[in-house]
**Q** 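I'd like to ask some things about the structure below.
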Amino acid sequence: MALRSFRGGVHPREHKELTEHKALQVMPPPAEICVPLGQHLGKPANPLVKKGDRVRQGQVLAEASGFISAPVHSPVGGTVVKKTKGPVVGGTTAELLVIQPGPAPAPEAGAPVAIADDGPIFLPPLDPRSVSGKDVVDRVREAGIVGQGGAAFPTAVKLSPPPDKPIDWMIVNGAECEPYLTRDYRLMLERTADLVEGILLIGTALGAKVNLGIGIENNKPAAIRAMREAIAARGARIEVFTLRTKYPQGGEKMLIDAALGRRVPPGELPMAVGCVIQNVGTALAIRDAVVLGDVPRAATLTVSGLGVVEPKNLRVTIGTPLRAVLEYCGGVRPNARRVVVGGPMMGFAAYSLDAPVVKATSGILVLSDAEVAANPESACVNCGKCVAACPVGLMPTRLARLARLRRDEEARDLGIEVCMECGTCAFTCPANIPLVQYVRLGKKNVRNLPRKEA
Amino acid sequence: MDALLVYSLLTMGGLGVFFSAALAIADKKLRVEEDPRIGLAVEVLPGANCGACGFAGCNAYAEAVVTAGAGINRCPVGGQGAIDGLALIMGVEATTAVKHVVRLMCRGTASLAREKAHYDGPTSCAVQDLVSGGAKACQWGCLGGGDCVSVCTFGALEMGPDGLPVVYEDLCMACAACVTACPRDLFELHPVTREFFVFCKNHDDPKTAKDVCEVACTGCTICARNSEGAITMVENLAVIDHEKINPAIIPIEKCKTRAIGWLHPQPEPAAVGAAGGSAGATTED
């Protein structure tokens with residue numbers, strides 16, 4: 001049988017050999033962590049603690065400030081040093097809570113002895129076999145779980161589809177199509193049984209009728225085998241989709257096309273074709289929140305690239321500065337040129353190593369001279385490679401040209417807003433045109449256009 | 001004579017007579033009287049079609065002046081010449097045009113404003129602004145990508161050696177294309193004689209502002225407190241009310257970052273006032 005996949009796409013060099021054989025390690029928290037209040041798509045959370053406060057591990061630091069928002073919990077027990085503005089990944093500054101991990105200071109001599117409980121706070125564990133769907137969604141919201149796939153969309157919102165959009169498939173995204181990243185792969189190998197439980201819990205949240213599946217690319221045969229065995233051992237009904245390795249298979253719409261052959265209409269969400277996609281990391285976070293009562297305190301991520309001394313797969317305390325993570329991996333080599341947070345295709349170059357790891361951080365890549373080397377931009381030769389590769393069927397070269405010329409209406413009519421900025425076009429471009437940047441500019445200009453009369 | 005030649009001549013000649021008659025009739029029957037003044041008005045306008053008047057181009061503006069009574073002083077490119085011409089055509093009194101030029105409200109040159117990272121993407125300011133806010137640590141200042149230079153149809157802007165665009169005020173026609181193009185809104189239109197400004201748009205808190213640029217307005221309020229109400233503080237930035245300001249009373253020497261001051265060095269700060277500008281206008285380039 002031909003392997004499933006989607007239309008278009010590319011297959012960049014994987015570079016997964018740097019870390020795929022390395023088991024997950026837990027990195028101890030550094031001397032000081034900076035926890036951003038906005039770690040998700042949507043409104044930042046409202047802080048509930050102030051400077052000097054003693055916080056317990058798992059305590060709510062900031063509460064959700066709307067439907068599309070998520071609370072932030074303290075990753076450690078410690079003391080709030082200050083609330084400040086600092087650099088975050090993505091190039092801006094944001095509100096951060098600086099926390100010094102450590103035990104409570106010893107009470108002063110003569111002070112009344114009143115040692116409050118200082119241990120970690122957990123939510124009450126629920127029984128995964130008898131829990132109701134509503135309880136799962138409430139727990140996900142309470143625990144502040146956000147999508148681990150990159151956009152950090154609050155997961156509880158995704159698990160609450162409107163009643164007029166029936167969901168019949170929930171697929172966990174184990175594609176991990178970005179080069180270098182091996183975190184989902186390690187999670188599938190090392191926490192297979194937990195992942196199966198997480199998938200079943202998401203099924204519970206979405207209702208009994210939903211079909212469950214997991215999509216894995218065929219460059220991860222060990223993960224496919226492990227998942228099949230664990231599903232059989234549990235006696236669960238979860239389909240494993242083996243997908244032909246291609247970028248951007250982990251995009252929601254690509255994954256649905258690859259696994260089920262359904263096309264999500266432009267501008268619509270996966271629920272329009274009855275699907276919900278969740279990341280491997282998200283499914284595990286849901287499992288931990290329900291079964292253990294745990295909240296997201298650490299991010300599982302891959303540190304890789306030829307510019308870092310010792311590439312690793314790590315569990316890093318949320319709020320740990322990138323600098324501390326890189327030091328834990330032996331530091332950077334002299335040929336290191338650029339630090340990218342996320343995957344090489346869609347990640348952001350970090351301008352400050354003081355930016356902290358957040359809930360949805362999936363990788364930290366230290367790219368060397370050789371890896372970032374690029375030819376200078378030249379004129380478009382109209383070869384059409386970007387058009388053939390675009391997974392959402394756009395004409396990137398034309399859109400970039402229209403964006404540069406500020407012909408925004410035409411760009412809108414050609415569907416520029418459908419672009420998800422996956423970078424496939426720029427990857428294939430023989431003229432080295434930074435197509436994504438121009439299309440992003442065009443999208444911004446189109447957003448500012450007066451709304452078209454319906 | 002060859003019959004073919006005769007027939008051809010007759011056919012072509014006949015067609016010619018027929019169509020000229022048709023055209024002559026159409027000219028009489030379908031004539032639209034156009035105000036001859038519109039043509040004259042187009043003649044006195046510069047023909048740059050820049051849109052600075054707010055109309056689609058010179059023709060549209062000329063029509064608006066003649067038929068809709070639009071103001072005759074709306075063409076900054078044509079300046080006084082255009083106003084005089086339009087006044088003559090329309091039989092109204094000519095008003096005086098004050099030449100306006102654009103001024104860049106940022107002095108954060110490459111050596112004074114800190115870079116937060118090396119940027120090697122597309123140079124366009126609009127693109128830089130979208131990618132992590134560009135290379136400059138100041139999120140309000142000039143990105144130096146030259147989007148303003150590329151939209152200027154009059155050659156009045158050029159990228160200077162220090163990473164900031166230079167305005168050639170005698171070439172600037174105040175069409176405001178650069179004002180629209182700048183993603184950070186750093187250009188302002190001012191009368192050419194106005195030379196006293198706060199050369200900064202940074203709204204950061206004082207500590208951040210000082211950190212990102214040596215010539216940022218840090219919001220210390222010294223100028224505002226001594227301005228008799230002509231300078232207001234808007235989120236850590238001093239904003240001048242140019243109608244009220246008396247530059248002579250502002251202690252600009254107390255501005256530690258030199259964010260407020262004169263466009264050109266003033267010979268005697270006390271004696272300037274309305275005459276400001278004559279001193280340094282020739283040193284612009």
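Sequence lines set the chain letters: A, B, ... in the order given, protein chains first and strands last, and positions in each chain run from 1.
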**Q** Does atom CZ (A:Arg398) have a neighbourhood of more than 12 heavy atoms from anything else shown, all under 6.0 Å?
**A** no

**Q** Using a 6.0 Å cut-off, check whether atom CZ of B:Phe154 has over 12 heavy atoms from anything other than its own residue.
**A** yes

**Q** So, for A:Lys444 and B:Leu130, which heavy atoms are closest and what is the spacing to 0.1 Å?
**A**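 Residues A:Lys444 and B:Leu130, closest heavy atoms: CD-CD2, 3.4 Å.
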
**Q** Roughly how far, to the nearest 0.5 Å, is the CG atom of B:Asp147 from the CZ atom of A:Arg406?
**A** 9.5 Å

**Q** Is chain A contacted by the side chain of B:Asp120, its backbone, both, or neither, given a heavy-atom distance below 4.5 Å?
**A**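 Side chain only.
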
**Q** To the nearest 0.5 Å, what is the distance between CZ (A:Arg337) and NE2 (B:His118)?
**A** 6.0 Å

**Q** Tell me, for A:Arg404 versus chain B, whether the close heavy atoms (under 4.5 Å) come from the side chain, the backbone, both or neither.
**A**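 For A:Arg404, no heavy atom lies under 4.5 Å from chain B.
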
**Q** More than 12 heavy atoms of other residues, nucleotides or ligands under 6.0 Å from NZ of A:Lys43: yes or no?
**A** no

**Q** Does A:Lys443 have more than 12 heavy atoms from other residues, nucleotides or ligands lying within 6.0 Å of its NZ?
**A** yes

